[in-house]
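These notes are about the structure you will find just below.
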Amino acid sequence: MSAALPPVALSLIGIGTGNPDHLTREAQAAMQAADLILLPHKGEDKAELAALRRDLCDAVLTAPGPRIEGFDMPVRRSVGDDYLAQVDEWHAAITRCWQAAIARSLDEGLQPRTPGQPLQVALLVWGDPALYDSTLRIAARMQPAPHSVRVVAGISSMQVLCAAHAIALNGIGQPFVVTTGRQLREQGWPPGVDTAVVMLDGQCSFTELPSHGLHIWWGAYLGMDRQMLDSGPLAEAAPRIVQARAAARERHGWIMDIYLLRRGG
């Protein structure tokens with residue numbers, strides 16, 4: 001592995017839910033301009049996720065295109081109650097994987113397509129890099145620091161969820177909260193709002209809320225052929241969603257879902 005990386009220009013490209021139709025023109029141009037695209041591999045049970053990113057590249061890139069380099073995604077330690085320390089260790093490990101993959105490509109002869117310019121490295125980020133994603137925080141750990149960091153906005157799963165159900169995200173003149181399943185379990189209903197969008201919830205935390213007066217709109221695999229939707233009063237929809245979610249995860253080996261909860265329906 002190279003002792004030190006040369007200057008790297010990093011592009012963090014939002015790819016929406018993986019549907020090529022969700023890519024912006026800016027995202028396609030940024031992918032095409034890259035010298036190197038890094039694709040994470042999250043284990044055999046989630047090999048389809050890496051394949052989706054690669055299929056996206058095949059769908060939009062034209063020759064001569066960038067080199068595509070895979071890397072094994074570290075697994076976050078989940079033992080103990082030191083959640084922030086677990087995340088910090090995990091991010092440090094991911095940074096090392098990025099740098100090792102870049103160094104490996106350079107050792108194998110990769111050079112910037114534009115002589116004298118930094119190596120253009122791109123990562124494809126589900127949804128939008130600025131919304132409940134840590135890619136920017138991981139990029140800030142790189143040593144040496146990137147020559148530049150560019151963020152290309154993507155369509156978020158929150159947007160696709162609302163479009164799929166044909167609902168407005170907020171009430172008239174009303175705020176809303178975007179939160180996580182862990183926060184919902186530990187803190188309960190967010191104060192001061194009637195609408196909450198919940199992401200990153202593998203525990204179906206909505207089942208721990210008092211269901212009276214709550215309505216849920218849920219979606220999984222949004223934007224894909226296998227898209228799943230359900231909605232209704234929480235008391236009625238929750239059992240259906242729990243069952244459908246478990247069956248889909250068993251069938252595909254992974255699931256990405258999101259839901260919106262609203263008081264008053």
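What's counted below: heavy atoms across the whole structure, side chains too, no hydrogens, waters or symmetry copies. Everything numeric here is computed off the predicted structure, so don't read it as measured data.
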Problem set entry | Candidate pair Glu186 and Arg182, rule salt bridge (charged side-chain N to carboxylate O under 4.0 Å, His left out), full reasoning | CA-CA 6 Å; Glu186 295 178 359; Arg182 184 175 66 88; 3.5 Å; yes
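- Heavy-atom minimum distance, Arg77 versus Gln86: O-OE1, 2.7 Å.
- For the pair Leu209/Trp189, a side-chain contact is recorded, criterion being any heavy-atom separation below 4.5 Å from C-beta on.
- Summarising the local packing, CD of Glu108 is surrounded by more than 12 heavy atoms from other residues, nucleotides or ligands at distances under 6.0 Å.
- In terms of modelled atom types and a separation under 3.5 Å, the side chain of Ser156 and the main chain of Gln159 share a donor-acceptor contact.
- Here the side chains of Leu38 and Ile102 are in contact, with some heavy-atom distance below 4.5 Å.
- Linking ILVMFWY residues whenever their side-chain heavy atoms come closer than 4.5 Å, directly or via other members, leaves Met73 and Val87 in distinct clusters.
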For this session: With side chain to side chain contact (heavy atoms under 4.5 Å, CB included) as the test, would you mind laying out the steps for Leu110 and Leu119 before giving the verdict?
Result: CA-CA 9 Å; Leu110 179 67; Leu119 187 73; 4.1 Å; yes
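- In plain terms, the two heavy atoms of Ala235 and Ser211 that are nearest each other are CB-OG, 3.5 Å.
- Here the side chain of Thr114 pairs no donor or acceptor atom with the backbone of Gln117 at under 3.5 angstrom.
- With no hydrogens or angles considered, no side-chain donor-acceptor pair links Glu208 and Ser205 at under 3.5 Å.
- Gln32 approaches Leu61 most closely through the heavy-atom pair OE1-CA, 3.4 Å.
- The side-chain heavy atoms of Val177 and Val197, taken from C-beta on, include no pair separated by under 4.5 Å.
- Proximity of a side-chain donor or acceptor of Arg150 to a complementary backbone N or O of Ala30 within less than 3.5 Å is not detected.
- Salt bridge Arg245/Asp230: absent, no basic N to carboxylate O contact under 4.0 Å.
- Judged purely by atom type and a 3.5 angstrom limit, His165 uses its side chain to pair as donor or acceptor with the backbone of Trp218.
- Looking only at side-chain heavy atoms (C-beta outward), Leu229 and Gln227 come within less than 4.5 Å of each other.
- Between Leu169 and Cys162, the closest heavy-atom pair is CD1-SG, 3.8 Å.
- No side-chain heavy atom of Thr179 sits less than 4.5 Å from a side-chain heavy atom of Met199.
- Looking at every heavy atom in both residues, Pro6 comes nearest to Leu106 through CD-CD1, 3.3 Å.
- By the 4.5 Å heavy-atom criterion applied to side chains, Thr24 and Val152 are counted as neighbours.
- In this structure, Gly18 and Leu56 approach most closely via the heavy-atom pair O-CD1, 3.5 Å.
- Put simply, the side chain of Val60 reaches to within 4.5 Å of the side chain of Leu23, judged on heavy atoms.
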For this session: May I have the step-by-step check of side chain to side chain contact (heavy atoms under 4.5 Å, CB included) for Cys97 and Asp72, ending in yes or no?
Result: CA-CA 7 Å; Cys97 289; Asp72 290 331; over 6 Å; no
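- The CG atom of Leu222 lies 9.0 Å from the CE atom of Met256; values are rounded to the nearest 0.5 Å.
- Residue Arg25 places its CZ atom among 12 or fewer non-hydrogen atoms of other residues, nucleotides or ligands, all under 6.0 Å distant.
- Residue Arg185 holds its CZ atom at 9.5 Å from OG1 of Thr207, rounded to the nearest 0.5 Å.
- With values rounded to the nearest 0.5 angstrom, Ser157 atom OG is found 9.0 Å from Asp257 atom CG.
- Side-chain contact between Asp88 and Arg141: present, with at least one pair of heavy atoms (C-beta onward) separated by less than 4.5 Å.
- Proximity of a side-chain donor or acceptor of Arg263 to a complementary backbone N or O of Val193 within less than 3.5 Å is detected.
- Between Tyr221 and Trp254, the ring centre distance stays below 6.0 Å.
- A donor-acceptor pair under 3.5 Å is absent between the side-chain atoms of Asn170 and the main chain of Pro175, judged by distance alone.
- The cationic atom of Arg262 (NZ for Lys, CZ for Arg) lies less than 6.0 Å from the six-membered ring centre of Trp217 and within 45° of the ring axis.
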Exercise. Hey, mind stepping through Ile15 and Trp126 against side chain to side chain contact (heavy atoms under 4.5 Å, CB included) and telling me if it holds?
Worked result: CA-CA 5 Å; Ile15 60 171; Trp126 296 112; 3.9 Å; yes
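- Listed for the Asp201 side chain is a donor-acceptor partner under 3.5 Å among the backbone atoms of Cys204.
- Taking hydrophobic clusters as Ile, Leu, Val, Met, Phe, Trp and Tyr residues chained together by side-chain heavy-atom distances below 4.5 Å, Tyr83 does not share a cluster with Ile94.
- A side-chain donor-acceptor contact under 3.5 Å links Arg240 to the backbone of Ser231.
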Problem set entry | Verdict with supporting geometry, Ile216 and Leu214, side chain to side chain contact (heavy atoms under 4.5 Å, CB included) | CA-CA 7 Å; Ile216 188 170; Leu214 284 179; over 6 Å; no
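- Side-chain N or O atoms of Asn19 include one that pairs as donor or acceptor with a backbone N or O of Gly223 at under 3.5 Å.
- Atoms CG and OG1, from Leu261 and Thr195 in turn, are 9.0 Å apart once rounded to the nearest 0.5 Å.
- A side-chain donor-acceptor contact under 3.5 Å links Tyr132 to the backbone of Val178.
- We find the CG-CG distance between Leu123 and Leu136 to be 10.5 Å, quoted to the nearest 0.5 Å.
- Note that CD of Gln28 and CE of Met31 are 7.5 Å apart. Values are rounded to the nearest 0.5 Å.
- When only modelled atom types and interatomic distance are considered, Ser105 and Arg67 share a side-chain donor-acceptor pair under 3.5 Å.
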